[in-house]
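Have a look at the structure below, then the notes.
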Amino acid sequence: MLVYFCRHGQTDANAAGIIQGHVDTRLNAQGRAEAARLARRLARERIGEAWSSELSRALERGLGSLEGRRRARGEPVPPDAEGAREFEARITGWLASFLAAHVPSPSPSSAPGPGPVVEPEPIVLVLSHGAYLSALLRVLLSPPVSLRAAAGLNLKQHCFNTSIMCVRFEYVGPLAPGVRAGRARAWGDGCWRSKKESAGAPKAEAKAWHGWTGVVETWADVAHLAGLDDPDAARDVADDLGR
């Protein structure tokens, strides 16, 4: 399953470096232009479903008394803001439920025809926020999820407006009924395939989280914004308070 995690376009608060949190703000002209570029970039993908934040600009971290203003340099996170551990725990819970809803159904071995029905790889769009996606990246690459990052990926790049994180998830378990350990079937090429049927398919003993492994293929990709004047390009994500 291929998932495009994308940040919303720019708002006036983004451009001013104002922390938004749960404050609902709309895209400005720059943000609408960025969103149009993102839409054109994704138009060639066969997206089967889309998820979005409830806020009009794209859930976001509750930032308490920081919301609606700039954060002073060196200012500590206030006690009324959602803690980083709680924030990442909430993201982990969402990720578990999201993946559980996308467990592929194995093709019955007794199905008529020459072989299993090949289905296209599911493609999903998730539209969210910079701080959420930055925290999600940490969750994806840290235990217990422990996905891999593609070689050469710059994980220190800021998550700018409409930037894309592309993650390819692979479902490798649980074992199909009647299949012994060591002969598990993995979802690949649109069907369940044994290790012998698909060279390079994940092994049954491969480390998985809730039956899933995967690779973060891209992070903070803004190639679709090439040539578009972006006054926010050098600004950090204001809402990303880190850990």
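Quantities reported herein were computed from a predicted structural model and do not represent experimental measurements.
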Under the side chain to side chain donor-acceptor pair (under 3.5 Å) rule, collect the residues that match up with H210, sequence neighbours excluded.
none
How far does OG of S52 sit from NE2 of H8, to the nearest 0.5 angstrom?
10.0 Å
Which pair of heavy atoms, one from L153 and one from T218, lies closest together, and at what distance?
CD1-CA, 3.7 Å
Fit a plane to each ring of F98 and W51, take the angle between them on a 0 to 90° scale, and name the class: parallel (under 30°), tilted (30 to 60°) or perpendicular (over 60°).
perpendicular
With a 3.5 Å cut-off and no angle check, do the side chains of T162 and H224 form a donor-acceptor pair?
yes
Tell me, with the steps shown, if I91 and Y132 meet side-chain contact (heavy atoms from CB on, under 4.5 Å).
CA-CA 8 Å; I91 292 173; Y132 196 101; 3.6 Å; yes
Does Q157 have any side chain to side chain donor-acceptor pair (under 3.5 Å) partners at least two apart in sequence or in another chain, and if so, which?
none
Which heavy atom in S146 sits nearest to a heavy atom in P143, and how many Å separate them?
OG-CA, 3.3 Å
Would you say the side chain of R7 lies within less than 4.5 Å of the side chain of E34, judging by non-hydrogen atoms?
no
Any side-chain heavy-atom pair of W219 and S134 under 4.5 Å
yes
Output the distance between atom SG (C6) and atom CE (M165), rounded to the nearest 0.5 Å.
9.5 Å
Contact check, side chains of L27 and Q10, non-hydrogen atoms, under 4.5 Å:
no
V215-W212 co-clustered via ILVMFWY side chain contacts under 4.5 Å
no
Got a sec, which hydrophobics cluster with L38, joining ILVMFWY side chains under 4.5 Å apart, including via others?
L2, Y4, L42, I47, I123, L125, I164
Pairing residues for S163 by the side chain to side chain donor-acceptor pair (under 3.5 Å) criterion, not counting sequence neighbours:
none
Would you name the heavy atoms of A208 and V172 that are closest together and state the gap between them?
CB-CG2, 3.6 Å
Taking all non-hydrogen atoms of both residues into account, name the closest pair between V124 and M1 and its distance.
CG2-SD, 4.1 Å
To the nearest 0.5 angstrom, please state how far the CH2 atom of W209 sits from the CG atom of L147.
9.0 Å
With sequence neighbours excluded, tell me which residues meet side-chain contact (heavy atoms from CB on, under 4.5 Å) with R40.
A36, R37
Any chance you could lay out the side-chain contact (heavy atoms from CB on, under 4.5 Å) test for L141 and L155, step after step, and finish with the verdict?
CA-CA 10 Å; L141 298 179; L155 300 175; 3.6 Å; yes
Does S97 use its side chain to pair, donor to acceptor, with the backbone of W94 at less than 3.5 Å?
yes
Are any of the side-chain heavy atoms of L127 and F5 separated by less than 4.5 Å?
no
Before giving the answer on side-chain contact (heavy atoms from CB on, under 4.5 Å), spell out for L225 and F160 the whole-Å C-alpha distance, their side-chain angles and the decisive distance to 0.1 Å.
CA-CA 10 Å; L225 298 181; F160 296 121; 6.0 Å; no
The criterion is side chain to side chain donor-acceptor pair (under 3.5 Å); which residues satisfy it with R168, sequence neighbours excluded?
E121, E217
